[in-house]
Number of protein chains: 2
Amino acid sequence: MTPSEFGTLDPRIPVVAVDVTVFTLLGSELRVLLVRVKKRPYTGVWALPGGIICSDESLEEAAYRELAEKTGLKSVYLEQLFTFGDVNRDKTRRAISTVYFALVNAEGLELKTTEKYAGIGWFPVKKLLRLAYDHAKVIRYAVKRLRWKLEYTNVAWSLLPRAFTLTELQTAYESILGKKLDKRNFRKKILSLRLLTPAGKMKHSAAHRPAELYRFKTRKPIIVKVL
Amino acid sequence: MTPSEFGTLDPRIPVVAVDVTVFTLLGSELRVLLVRVKKRPYTGVWALPGGIICSDESLEEAAYRELAEKTGLKSVYLEQLFTFGDVNRDKTRRAISTVYFALVNAEGLELKTTEKYAGIGWFPVKKLLRLAYDHAKVIRYAVKRLRWKLEYTNVAWSLLPRAFTLTELQTAYESILGKKLDKRNFRKKILSLRLLTPAGKMKHSAAHRPAELYRFKTRKPIIVKVL
DNA sequence: ACAAAAGTGTTGTTACTACACCCATGG
DNA sequence: CCATGGGTGTAGTAACAACACTTTTGT
């Protein structure tokens, strides 16, 4: 059974959807993945990627499917964020949407879209245009959760390339948390957590001293007080 | 439209339910509210209270309705916990269930049940019997969240009577976290947070020095590192 | 040689842990 | 008067915040 077979019934009967908020860093700016809707009444408006679940997949599988369709990525950090179920969040029918939350390294990543959408792109989280449904609210909530996650877990690995410098890591933290951090204290704290291991290489990027590259020892999500 | 009008369709079409994990302290033991199912194939088995949502209520309203039906309580602490959507979690049909999480003071509270159930009661969270659906898993997850909430927020007020002694508060923490706490450090920390205000009364409970009664200054949920 | 980012320590302050005795009451 | 839980302080330790200069490289 395909998604399109649902949703043709009584508009008061709830339909179950999954949406995904995918975040990445581009030019040390936090961005979210949006798609351009074709269907009325939101034609031309941008929204989070998502859709009705299929009858033979779990919610999480639906979220992974959505993510893979748009980004081609399979093994990324993904977790359930919240389920939005207000009566009039979708003007056309009763829709319950479980929103997932993904973090991605966009380096060399090609976005693809399906017939369903008229476009796809990364949008800065600051000053977002008007979005369809209640998606503006959803993104605000997701950003809050992302900030919390950065401070209390090791998920930052999912935003960065495999190997990265401590300054890159610090910049990621700074641009998402929206505040400057002390270089010495940051490095001391991060290294003392023993989450990182030197990659054994240097990054030579310009006319200045090269930086040591590090990797996360594990890419399993764990809870640690980082800051 | 009433809930019973749903669920008569194709069993592969997802139906949206809300379940509630209601916790309380009875005899300084953590307990959860369970109801006894009548319907096959879970006849006689205990489960979390819950049901299909109505077409004109939000998820949260459905959770409040469920809670009020069973406990008569209206203004309690309630928040969304998680949405469970595995394909075979309900043997009879595809059911997506958003689970809410409530904390209640059970003092002088009368449990009521509806036609739908064969019984209702408070069950110790330790050594639970077999439960219907995936509700054992749901409760384990909810207990984890409860422990986190106690350590990082002020929600403890919702488990206690309006006025309580510091020892009662400490006992609540100890029985939920499952460990002893140091009396002096606990009191020092709690009072330094300035969440409590003396109720101006004493609790005379037996042949020993009476204890000062306190109240929470606010019953709005806030995030504070308590322990 | 200079511009530009990498890298590195110390000190003061604050929060946390561990620990033992006297107090007020009811029976 | 005694059994019971209520109430209190201190000292050592660990985590955190604030702060500026030297090193290494490419051009």
Side-chain angles (χ1 to χ4, degrees), chain A residues 25 27-28 147-148 150-154 156 160-161 163-175 177-215 223-227, chain B residues 25 27-28 147-148 150-154 156 160-161 163-175 177-215 223-227:
Chain A
L25 285 170
S28 73
R147 295 208 172 110
W148 186 90
L150 268 201
E151 299 206 38
Y152 291 95
T153 75
N154 65 338
L160 297 169
F164 51 87
T165 68
L166 290 182
T167 301
E168 284 166 351
L169 183 61
Q170 183 177 342
T171 307
Y173 271 83
E174 287 178 340
S175 49
L177 299 180
K179 62 180 179 194
K180 285 271 165 214
L181 301 170
D182 179 90
K183 182 156 64 154
R184 279 174 291 190
N185 292 339
F186 181 81
R187 298 161 94 94
K188 217 183 311 170
K189 189 69 207 296
I190 290 286
L191 293 175
S192 77
L193 296 174
R194 325 204 107 257
L195 296 173
L196 303 184
T197 181
K201 292 186 184 161
M202 291 289 183
K203 175 160 189 171
H204 298 255
S205 36
H208 56 77
R209 178 169 175 178
E212 174 127 42
L213 286 163
Y214 290 85
R215 267 191 243 271
I223 297 191
V224 204
K225 176 116 180 53
V226 179
L227 301 179
Chain B
L25 285 169
S28 72
R147 295 210 170 108
W148 186 89
L150 269 201
E151 299 206 38
Y152 291 94
T153 76
N154 66 339
L160 297 169
F164 51 87
T165 68
L166 290 181
T167 301
E168 284 166 351
L169 182 60
Q170 183 176 343
T171 307
Y173 271 84
E174 288 178 339
S175 49
L177 299 179
K179 63 182 177 192
K180 284 272 164 211
L181 300 170
D182 180 90
K183 183 158 61 155
R184 279 174 291 191
N185 293 340
F186 180 81
R187 298 161 93 94
K188 218 184 310 172
K189 189 70 207 293
I190 290 285
L191 292 175
S192 77
L193 296 173
R194 326 205 104 257
L195 297 173
L196 302 185
T197 181
K201 292 187 186 162
M202 291 289 181
K203 176 162 188 170
H204 299 255
S205 36
H208 57 78
R209 178 171 176 177
E212 174 128 43
L213 285 163
Y214 290 85
R215 267 191 244 271
I223 296 192
V224 203
K225 176 117 180 50
V226 179
L227 300 180

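Convention: sequence-line order gives letters A, B, ...; per-chain numbering from 1.
Looking at residues two or more places apart in sequence or on another chain, you find a side-chain contact (heavy atoms from CB on, under 4.5 Å) between K179(A) and L177(A), L181(A). Applying the ring pair (Phe, Tyr, Trp, His ring centres under 6.0 Å) rule to Y214(B) yields no partners; only residues at least two apart in sequence or on another chain are considered.
Within the model, atoms OG1 of T165(A) and CD of E212(A) stand 10.5 Å from one another, a figure rounded to the nearest 0.5 Å. Once rounded to the nearest 0.5 Å, the distance linking CE of M202(A) with CG of L213(A) reads 8.5 Å. Interatomic distance, T167(A) OG1 to K183(A) NZ, rounded to the nearest 0.5 Å: 6.0 Å.
When the P atom of dA18(C) is taken as reference, atom NZ of K180(B) falls 15 Å away, rounded to whole Å. Atom CZ in F186(A) sits roughly 14 Å away from atom C1' in dG7(C) (whole-Å rounding). Rounded to an integer number of Å, the gap from NE2 of H208(A) to C1' of dA1(C) is 18 Å. Taking atom NE2 of H204(A) as the reference point, atom P of dA6(C) lies 13 Å away to the nearest angstrom. When rounded to the nearest whole Å, the span between NZ of K203(A) and P of dG7(C) equals 12 Å.
An end-to-end axis angle of 0° holds for the helix from dA1(C)-dT27(D) to dG27(C)-dC1(D), taken from five base pairs per end and rounded to 10°.
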Any N/O pairs under 3.5 Å between the protein and nucleotides 8-15 of chain C? List them or say none.
{"unit_1": "dT10(C)", "atom_1": "O4", "unit_2": "K188(A)", "atom_2": "NZ", "d": "3.1"}

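Here S205(B) lies out of heavy-atom contact (under 4.0 Å) with every strand. No engagement by T165(A) is indicated, since no non-hydrogen atom pair under 4.0 Å with the nucleic acid exists.
Within the 4.5 Å cutoff, no side-chain heavy atoms of I190(A) are placed close to those of L195(A). No side-chain heavy atom of L25(B) sits under 4.5 Å from any side-chain heavy atom of T171(B).
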Could you walk me through whether E168(B) and K203(B) pass the salt bridge (Lys or Arg N to Asp or Glu O under 4.0 Å) test, one step at a time?
-> CA-CA 11 Å; E168(B) 284 166 351; K203(B) 176 162 188 170; 2.5 Å; yes
Starting from the C-alpha separation in whole Å, work towards a yes-or-no answer on side-chain contact (heavy atoms from CB on, under 4.5 Å) for V226(A) and T153(A).
-> CA-CA 7 Å; V226(A) 179; T153(A) 75; over 6 Å; no
Verify side-chain contact (heavy atoms from CB on, under 4.5 Å) between I223(B) and N154(B), making sure each step is shown before the conclusion.
-> CA-CA 7 Å; I223(B) 296 192; N154(B) 66 339; over 6 Å; no
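The stretch residues 179-209 of chain A participates, sequence neighbours left out, in these ring-ring contact (aromatic ring centres under 6.0 Å, His included) pairs: Y173(A)-F186(A).
With a cutoff of under 4.0 Å to any heavy atom of chain A, the contacted region of DNA chain D is bounded 5' to 3' by dC16(D) to dG26(D).
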